[in-house]
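This report concerns only the one structure given below.
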Amino acid sequence: QLTVSRIYLSIQWSSNGEAVPENFRVEDFNLSTELEPGQVYVRTLYLSVDPYMRCRMNEDTGTDYLLPWQLSECVDGGGVGVVESSRHDSFSKGDTVTSFNWRWQTYDVLDGSKLQKLDPQLVNGHLSYFLGAVGMPGLTALLGIREDGHVTPGSNLTMVVSGAAGACGSFAGQIGRLEGCSRVVGICGSDQKCQVLVSELGFSGAVNYRCGDLTAALKKHCPRGVDVYFDNVGGSISDAVIAQMNQGGHVILCGQISQYNKDVPYPPPVPPETQEVLRSKNIIRERFTVLNYMDKYEAGLLQLSQWVKAGQIKVLETVANGIENMGVAFHSMMTGGNIGKQIVKISD
């Protein structure tokens, strides 16, 4: 038997209010590493914290594909690990594996049918990238832009990305340029983040929504108006962007992080003035769910891998260390403390 640390939800959180580190607790328990046929014993390398997880702290997650976290069960999410031993034909000791429902534990015994084998060469050995650029956030950015943004090479479009310094937003801006947007403007919450977007990630411009007049800043950076809006935040920021959108534009409704601590439906309703802009300009605003495009995952991950390996997508990460810091990392990510993908490193 092995002593293993794992994370529980300490209280069933309500729909209203900010999630704090104290909502999570670490417990140790003894794990039997004796395997049944079909099982795999894994060591956790990296765990992901993502905005959508805030919805899993509510009794009603607002979606039919996400179950709420339970007080009596270990918290789970995206994870990457290494196989220590296996009684499943598809996995051998040393294999790198992932799951969308990886329990927040230092070690685990898993049903092999729930795991996917990864090729470390796709990320040049940067295994945490499988939780970011060459994983769900990267796929969400790529497929959102292609499927809902209708961006095509040479289309000369202007795209605005909110939450632009986060995981999905930082990839969306870069992918927008690669896919054919002539101008990409990011919205984020600090001057430092604005500088990173422009100097390191190749955004055409960036706006700190905390400083000055957001509407005036958007007009300055988007003189031809906005054709595509990659929306990660919702709320008043999105209202300001939509007000400047062009006829026939597209809103990629990826996330609404500004609304996740409120008891409102998803996607949240927009004010009457914004609704009128959407209607009068024939702007398509559709909820984007990457799970609807599973048939495009393999090709998408290969494209993302090629861009990352060629240096066409730059990957930024904010890394916390140790399973005991999962709650701290989650709270920091939800309050804008990260630049790029927030990762928690569990072991080497």
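In this chain, residues are counted from 1 in sequence order.
In this structure a side-chain-to-backbone donor-acceptor pair under 3.5 Å is present from Ser86 to His88. A distance-only check finds no donor-acceptor pair linking the side chain of Arg183 to the backbone of Met159 [under 3.5 Å]. Side chain of Lys193 to main chain of Gly163: no donor-acceptor pair is present (N/O by atom type, distance under 3.5 Å, no hydrogens or angles). Between the side chain of Ser305 and the backbone N or O of Leu301 there is no donor-acceptor pair closer than 3.5 Å. Between the side chain of Ser10 and the backbone N or O of Glu22 there is at least one donor-acceptor pair closer than 3.5 Å. For the pair Asp108 (side chain) and Gln105 (backbone), a donor-acceptor distance under 3.5 Å is absent. Panel note: side chain Lys281, backbone Met245; a donor-acceptor pair is recorded below 3.5 Å. Using modelled atom types, no side-chain atom of Ser170 and backbone atom of Gly340 make a donor-acceptor pair closer than 3.5 Å. Remark: the backbone N or O of Val233 is paired with a side-chain donor or acceptor of Asp231 at under 3.5 angstrom. Looking at Glu84, its side chain never comes within 3.5 Å of a backbone N or O of Val42 through a donor-acceptor pair.
Side-chain contact of Thr33 with Gln1: a donor-acceptor pair under 3.5 Å is absent, judged by distance alone. For the residue pair Asn101 and Ser99, no side-chain donor N or O sits within less than 3.5 Å of a side-chain acceptor on the partner. In summary, the side chains of Arg224 and Ser182 do present a donor paired with an acceptor at a separation below 3.5 Å, with no hydrogens or angles considered. Of the N and O atoms on the side chains of Asn232 and Ser162, not one donor lies less than 3.5 Å from an acceptor on the other residue.
The two residues Leu131 and Gly78 make their nearest non-hydrogen contact at CD2-C, 3.8 Å. Summarising the geometry of Met333 relative to Asn338, their closest heavy-atom pair is CA-OD1, 3.3 Å, with the distance given to 0.1 Å. Scanning all heavy atoms of the two residues, the minimum distance from Val184 to Gly176 falls at CG2-C, 4.3 Å. When all heavy atoms are compared, the tightest approach of Ala217 to Val207 is CB-CG1, 3.7 Å. Minimum heavy-atom separation, Ile252 to Phe288: CG2-CB, 4.2 Å. Minimum interatomic distance between Pro137 and Ala167 (heavy atoms only, all atoms of both residues): CB-CB, 4.2 Å.
Summarising the local packing, CD of Gln247 is surrounded by more than 12 heavy atoms from other residues, nucleotides or ligands at distances under 6.0 Å. Gln116 CD: more than 12 foreign heavy atoms inside a 6.0 Å radius. Residue Lys309 qualifies as enclosed at atom NZ: its count of foreign heavy atoms under 6.0 Å is above 12. Counted within 6.0 Å of NZ on Lys114, heavy atoms from surrounding residues, nucleotides or ligands total 12 or fewer; the atom is thus considered open. Atom CD of Gln192 is surrounded by 12 or fewer heavy atoms from other residues, nucleotides or ligands within 6.0 Å. Within a 6.0 Å sphere centred on CG of Asp295, heavy atoms belonging to other residues, nucleotides or ligands number more than 12.
Leu67 and Tyr8 sit in two unconnected hydrophobic clusters of ILVMFWY residues. Membership requires side-chain heavy atoms under 4.5 Å apart, directly or through other members. Ile284 and Leu278 fall into different hydrophobic clusters, where Ile, Leu, Val, Met, Phe, Trp and Tyr are joined by side-chain heavy atoms under 4.5 Å apart, directly or via other members. In the hydrophobic clustering of this structure, Val328 does not group with Val26; members are Ile, Leu, Val, Met, Phe, Trp, Tyr whose side-chain heavy atoms approach within less than 4.5 Å, directly or through other members.
For the pair Val344 and Ile346, the minimum side-chain heavy-atom distance is below 4.5 Å. Considering only heavy atoms from C-beta on, Pro68 stays 4.5 Å or farther from Arg56 through its side chain. You'll find the side chain of Val97 reaches within 4.5 Å of the side chain of Val83, heavy atoms only. Side-chain contact check for Thr106 versus Ser347: every heavy-atom pair is 4.5 Å or farther apart. Side chains of Gln70 and Leu9 form no contact here, defined as non-hydrogen atoms less than 4.5 Å apart. Residues Leu118 and Val80 have side chains in contact (heavy-atom distance under 4.5 Å, counting atoms from C-beta outward). The shortest side-chain heavy-atom distance between Ile242 and Val251 falls under the 4.5 Å cut-off. Contact of the Phe91 side chain with the Leu115 side chain is registered, since non-hydrogen atoms from C-beta on lie closer than 4.5 Å.
The structure places CD1 of Ile343 at 9.5 Å from OG1 of Thr318, a figure rounded to the nearest 0.5 Å. Separating the NE2 atom in His221 from the OG1 atom in Thr158 is a distance of 12.5 Å, to the nearest 0.5 Å. For the atom pair CE (Met294) and CG (Leu139), the distance works out to 10.0 Å, reported to the nearest 0.5 Å. Atom CG in Asp227 sits 8.0 Å away from atom OG in Ser155 (nearest 0.5 Å). Trp104 CH2 to Ile7 CD1: the interatomic distance, rounded to the nearest 0.5 Å, is 7.0 Å. Between the CZ atom in Arg285 and the OG1 atom in Thr274 there is a gap of 8.5 Å [rounded to 0.5 Å].
A salt bridge is absent between Arg103 and Asp76; no separation between the charged side-chain nitrogens and carboxylate oxygens falls under 4.0 Å. Arg6 has no carboxylate O lying under 4.0 Å from a charged side-chain N of Glu27, or vice versa, which leaves the two without a salt bridge. Here Asp348 pairs with Lys345 in a salt bridge; the nearest charged N to carboxylate O distance falls below 4.0 Å. Ionic pairing of Glu36 and Arg87 is not present here: no N-O contact between side-chain nitrogen and carboxylate oxygen is shorter than 4.0 angstrom.
Here Phe24 and Phe330 bring their ring centres to under 6.0 angstrom of each other.
Evaluation of the salt bridge (Lys or Arg N to Asp or Glu O under 4.0 Å) test over residues 330-342, restricted to residues two or more places apart or in two chains, returns Asp50-Lys341. Pairs engaging residues 138-147 under the side chain to side chain donor-acceptor pair (under 3.5 Å) rule: Arg146-Glu179 [sequence neighbours left out].
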Run the numbers on Gln244 and Thr215 for side chain to side chain donor-acceptor pair (under 3.5 Å), then give the verdict.
CA-CA 8 Å; Gln244 298 191 35; Thr215 295; 4.5 Å; no
Going through the distances and angles, do Ile187 and Val160 end up as a side chain to side chain contact (heavy atoms under 4.5 Å, CB included)?
CA-CA 7 Å; Ile187 302 174; Val160 170; 3.7 Å; yes
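Each of Val123, Asp119, Leu127 was checked for a side-chain contact (heavy atoms from CB on, under 4.5 Å) with Val134, and the lone residue meeting it is Val123.
Val4 shares a hydrophobic cluster with Leu2, Phe29, Leu31, Leu35, Tyr41, Tyr107, Val109; the chain of contacts runs through ILVMFWY side chains whose heavy atoms sit under 4.5 Å apart.
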